[in-house]
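Structure record follows, encoded as structure tokens.
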Amino acid sequence: MLCQICGKNPASVHFTEIHDNKMSEIHVCERCAEEKGMHTPAQQHKFEIADLLAGMVDAMTHTDEERVGHVQCPRCGLLYSSFKETGRLGCSECYTAFQFQLRPLLRRIHGDTRHRGKSPSHGGAGESGTRQIQRLHDDLQRAVEREEFEKAAGIRDEIKRIERSPRATTPGERS
Amino acid sequence: MSAPRDFTELFSSSASWLHGEGPHADMVLSTRIRLARNLRDVPFTHRARDEQLHGVLASVGSATQASKALAGGLLLKMQECTAIERQVLVERHMVSHELGDGARPRGIYVAPDDRISIMINEEDHLRLQAMTPGFQLAEAWSLADTADDDLDRSLDYAFSDEIGYLTACPTNAGTGLRASILIHLPALVLLEEIQRVLKSIMQVGLNVRGLYGEHSEIMGNLFQISNQTTLGRSERDSIESLERVTRQIIETEERARERMVRDARTQLEDKVWRAYGTLRFCRSIQAKEVINLCSAVRLGVAMGLAGLPPLRVVNELLVLTQPAHLQRQAGKEMTPSERNVHRAQVVRERLEAAAREPRPGKPS
């Protein structure tokens with residue numbers, strides 16, 4: 001497969017983008033990826049957290065930076081500016097307190113901001129049920145994208161079954 | 001399986017990840033699954049007060065006793081261990097450098113099945129790990145997943161529906177999973193193809209490190225390969241992708257070995273036997289040299305050369321010849337040059353004992 005930008009070199013970097021629930025794939029060569037500033041998660045890792053944050057902060061005005069730095073976690077008292085220095089959050093509540101700053105950071109680190117793995121088994125049943133349905137919808141979308149229609153139909157039935165049941169079951173790892 | 005009752009018993013038993021068993025054991029030394037977890041109501045370790053960390057030690061301790069997979073193991077508190085004992089645990093890959101500093105209320109819980117352990121109050125409150133010999137990602141995942149489910153029944157984990165398991169460092173948030181394999185790639189190094197392979201490993205979003213984790217030097221042609229991201233994909237996806245890539249690496253290394261054997265069998269055997277000779281008769285030797293010579297011997301074992309020690313002995317030498325293991329075994333602190341002499345003695349004795357044991361020449 002040739003690079004979709006220059007059309008000359010073989011495409012060795014592959015991206016999947018999802019916009020408005022539509023998935024598109026981009027295949028480019030390393031040189032074009034670099035020129036266009038497209039990074040794979042592995043390349044991103046070369047930067048330390050501090051660099052990532054510095055990069056983000058560069059894009060802000062001075063006042064923005066000051067404001068962000070002074071955001072404080074109401075539970076543990078950690079200032080966002082301290083997180084920037086150490087790369088460590090103070091408590092689980094920090095994720096909520098700094099959610100607007102963390103979201104772009106998480107996207108840069110992981111290429112995503114949404115958890116798709118297992119969840120604690122003893123959480124509130126309603127909440128867990130919602131999560132399970134959400135995950136099944138993700139799976140459904142992926143199955144359709146991969147044209148695995150039989151699997152998709154199975155997932156759709158599963159969603160219906162859960163939505164119909166009065167007490168949503170706790171989710172396990174997707175099989 | 002019975003648990004060690006104290007550090008001395010733990011020290012005298014050999015870590016099971018070194019046993020040289022399991023699929024592809026002649027290339028993949030071990031497989032590890034690590035899960036990062038925190039308690040919802042306690043600040044992350046670096047922001048918690050000492051008494052809160054004591055509380056975490058106690059909660060995790062009692063949660064292990066309520067778990068079928070974990071009950072009856074050994075909880076070692078770092079502050080109650082000597083510096084050498086802590087370092088022994090680091091050398092065995094049971095605890096990290098951070099946990100091994102002994103400055104705060106931290107600990108390690110070793111389950112009766114010593115493939116499972118929990119670092120307590122590391123960067124995260126819990127770092128649950130499952131380590132198996134050989135290439136056994138599914139088995140290691142199943143061990144860790146079961147233990148995690150058990151702990152989850154007693155502990156209130158920090159978790160959000162959107163971000164998943166919440167960790168002190170956002171690089172671990174989501175699944176909190178680090179799946180890794182320790183793999184020996186001498187042929188790719190010798191044929192100078194390793195850079196190309198490592199580059200492609202990193203391109204698919206995996207990470208490569210040395211024998212002793214982050215920032216450690218690549219020694220003895222040993223590489224740790226692990227997943228990089230923890231958010232946006234399920235545990236199963238991350239593990240499957242590491243599994244797939246590892247299979248490709250194994251195949252590439254196998255082909256490189258075949259080529260080497262075909263084109264330079266004599267030189268290769270010469271290298272193996274010289275390495276073995278040095279180890280068998282040395283009188284003073286550094287840890288790094290042992291690791292590098294063991295790499296050649298390990299390759300010889302994989303080639304099926306008769307008369308070499310079994311994989312288990314070669315693997316155990318990697319750990320037994322580290323500074324803290326030597327000093328603990330000798331029962332005293334030693335200078336580096338004293339250690340070199342003692343190390344040579346340990347290596348000679350181990351290899352001599354292995355040479356006396358009757359066994360088939362081919363690796364099992």
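Chain letters run A, B, ... following the sequence lines, proteins first and then strands; every chain starts at 1.
The NE2 atom of B/His125 sits 9.0 Å away from atom OG of A/Ser92, with the distance rounded to the nearest 0.5 Å. Note that CD1 of A/Ile109 is 10.5 Å distant from OG1 of B/Thr229, once rounded to the nearest 0.5 Å. With rounding to the nearest 0.5 angstrom, the CG atom of B/Leu39 is 12.5 Å from the SG atom of A/Cys91. Note that the CG atom of A/Leu89 and the NE2 atom of B/His46 stand 7.0 Å from one another [nearest 0.5 Å]. Note: A/Cys76 SG to B/Phe44 CZ = 8.5 Å, rounded to the nearest 0.5 Å.
Each of B/Leu177, B/Asp149, B/Thr230 has some count of heavy-atom pairs under 4.5 Å with chain A, and the biggest count is that of B/Thr230. The choice from B/Ala48, B/Pro43, B/Ala168 that makes the most heavy-atom pairs within less than 4.5 Å of chain A is B/Ala168.
Each of B/Thr175, B/Ile163, B/Leu166 was checked for a side-chain contact (heavy atoms from CB on, under 4.5 Å) with A/His115, and the lone residue meeting it is B/Thr175.
Taking each heavy atom of B/Pro170 and A/Leu105 in turn, the nearest pair found is CG-CD2, 4.1 Å. Here the closest non-hydrogen pair linking B/Tyr165 and A/Pro120 is OH-N, 3.3 Å.
Checked by atom type and distance alone, the side chain of A/His110 never pairs as donor or acceptor with a backbone atom of B/Arg233 at under 3.5 Å. Between the side chain of A/Tyr95 and the backbone N or O of B/Thr167 there is at least one donor-acceptor pair closer than 3.5 Å.
A salt bridge links B/Asp148 and A/Lys118; the closest N-O separation between the charged side-chain nitrogens and carboxylate oxygens is under 4.0 Å. Contact check on B/Glu123 versus A/Arg88 returns a salt bridge, with a Lys/Arg side-chain nitrogen under 4.0 Å from an Asp/Glu carboxylate oxygen. Using a 4.0 Å cut-off between charged nitrogen and carboxylate oxygen, A/Glu93 and B/Arg40 do not count as a salt-bridge pair.
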Side chain to side chain contact (heavy atoms under 4.5 Å, CB included) assessment of B/Leu231 paired with A/Arg114: CA-CA 6 Å; B/Leu231 199 56; A/Arg114 186 134 141 240; over 6 Å; no
Test salt bridge (Lys or Arg N to Asp or Glu O under 4.0 Å) applied to B/Glu162 and A/Arg103, step by step: CA-CA 11 Å; B/Glu162 190 194 346; A/Arg103 204 166 288 148; 3.6 Å; yes
